[in-house]
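What you see is a predicted model; the values in this text were computed from it and never measured.
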Amino acid sequence: MSSRRRVRLGEQLRRELSVKIQYLVRDPEVGPLSVTGVDVSADLWFARVYVEPQGSADEQDRTMAALGRAAPFLRSVLGRELHIRRMPELRFERDTSIEAGQRIESILREVLPARDAEEGPGEEGPGRTTDPVRPPGTGDP
């Protein structure tokens, strides 16, 4: 299967799983979550479903365990609705990319104000200008 088709299938699975988890999974252990992405293997045997559970660490762990228990049910529901030759096995994983992005952002906040203070107010650093960028041929009348 081409990579473009796998990406499209992963996106379709992401949309469908978001709805199915919210409305069809009756397990009270499944807390609020966001399905952030789905990676489908080249042979369509597995699909990694990245989710971001909300709540405390204990609630997140319970949600992930409940999703693991609900995976066969979700796979069978999706297999009946989607017209694909093979429905991949669903493996739920916690999405840590958002946490990593927040950690990088906090590090940048610590570093960037120190760099701005060294340059001083009103000074132009590399790539900085005080005038707005205007397209060529336009100027003040």
Side-chain angles (χ1 to χ4, degrees), residues 1-140:
M1 177 177 258
S2 73
S3 64
R4 188 182 317 171
R5 288 182 63 199
R6 281 195 339 232
V7 169
R8 280 195 339 236
L9 176 60
E11 191 59 31
Q12 184 176 11
L13 288 173
R14 185 192 63 78
R15 286 191 306 267
E16 293 290 331
L17 282 169
S18 296
V19 173
K20 304 293 186 236
I21 290 170
Q22 184 177 5
Y23 293 110
L24 295 181
V25 176
R26 301 272 185 231
D27 192 338
E29 295 287 311
V30 176
L33 60 91
S34 298
V35 179
T36 58
V38 177
D39 287 336
V40 181
S41 66
D43 59 2
L44 292 182
W45 281 89
F46 301 103
R48 280 197 176 99
V49 182
Y50 295 100
V51 295
E52 183 185 357
Q54 299 172 4
S56 68
D58 186 45
E59 291 170 340
Q60 290 179 8
D61 291 341
R62 287 192 304 233
T63 295
M64 294 305 294
L67 286 174
R69 291 189 303 269
F73 166 73
L74 291 167
R75 181 180 181 209
S76 68
V77 168
L78 289 172
R80 281 183 255 133
E81 291 183 9
L82 302 178
H83 300 289
I84 58 174
R85 203 172 284 153
R86 169 149 178 67
M87 183 63 204
E89 179 183 322
L90 303 175
R91 293 184 177 176
F92 289 93
E93 294 185 17
R94 189 172 289 153
D95 187 2
T96 58
S97 64
I98 294 173
E99 294 170 3
Q102 289 173 343
R103 188 175 67 243
I104 290 170
E105 187 176 326
S106 69
I107 291 169
L108 287 175
R109 273 193 223 126
E110 292 174 7
V111 173
L112 289 179
R115 191 178 77 189
D116 289 340
E118 290 173 5
E119 291 177 4
E123 294 180 17
E124 293 185 15
R128 293 187 183 183
T129 61
T130 56
D131 292 330
V133 177
R134 293 193 177 104
T138 61
D140 295 331

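In this structure the side chain of L78 reaches within 4.5 angstrom of the side chain of L13, judged on heavy atoms. In this structure, the side chains of R48 and L90 stay at 4.5 Å or more apart for every pair of heavy atoms. In this structure the side chain of F92 reaches within 4.5 angstrom of the side chain of M64, judged on heavy atoms.
In plain terms, the two heavy atoms of V35 and S18 that are nearest each other are CB-OG, 3.5 Å. S41 approaches R6 most closely through the heavy-atom pair O-CD, 3.4 Å.
A salt bridge does not link R103 with E99: every distance from a Lys NZ or Arg NE/NH1/NH2 to an Asp or Glu carboxylate oxygen is 4.0 Å or more. The pair R14-E11 meets the salt-bridge criterion, with a side-chain N (NZ, NE, NH1 or NH2) lying under 4.0 Å from an Asp/Glu carboxylate O.
Taking CG of L17 as the reference point, atom CG of L33 lies at 10.0 Å (rounded to 0.5 Å). Here the CZ atom belonging to F73 is positioned 10.5 Å from the CD1 atom belonging to I21, to the nearest 0.5 angstrom. Rounding to the nearest 0.5 angstrom, the gap separating the CG atom in L9 from the CZ atom in R4 is 15.0 Å. A distance of 5.0 Å separates CG of L82 from CD of Q12, quoted to the nearest 0.5 Å. Remark: E93 CD to L67 CG distance equals 12.0 Å, nearest 0.5 Å.
Among residues at least two apart or in separate chains, salt bridge (Lys or Arg N to Asp or Glu O under 4.0 Å) pairs with a member in residues 75-86 are K20-E81. Residue pairs meeting the salt bridge (Lys or Arg N to Asp or Glu O under 4.0 Å) criterion with at least one partner in residues 24-45, sequence neighbours excluded, are D27-R69, E29-R62.
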Verdict with supporting geometry, L24 and V77, side-chain contact (heavy atoms from CB on, under 4.5 Å): CA-CA 9 Å; L24 295 181; V77 168; 3.9 Å; yes
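Between R94 and the options T63, T36, D61, a side-chain hydrogen bond (donor to acceptor under 3.5 Å, both in side chains) holds for only D61. Evaluated for a side chain to side chain contact (heavy atoms under 4.5 Å, CB included) with S56, the options Q60, Q54, E59 yield exactly one hit, E59.
A cation-pi contact, defined as under 6.0 Å to the ring centre and within 45° of the axis, links R91 to F46.
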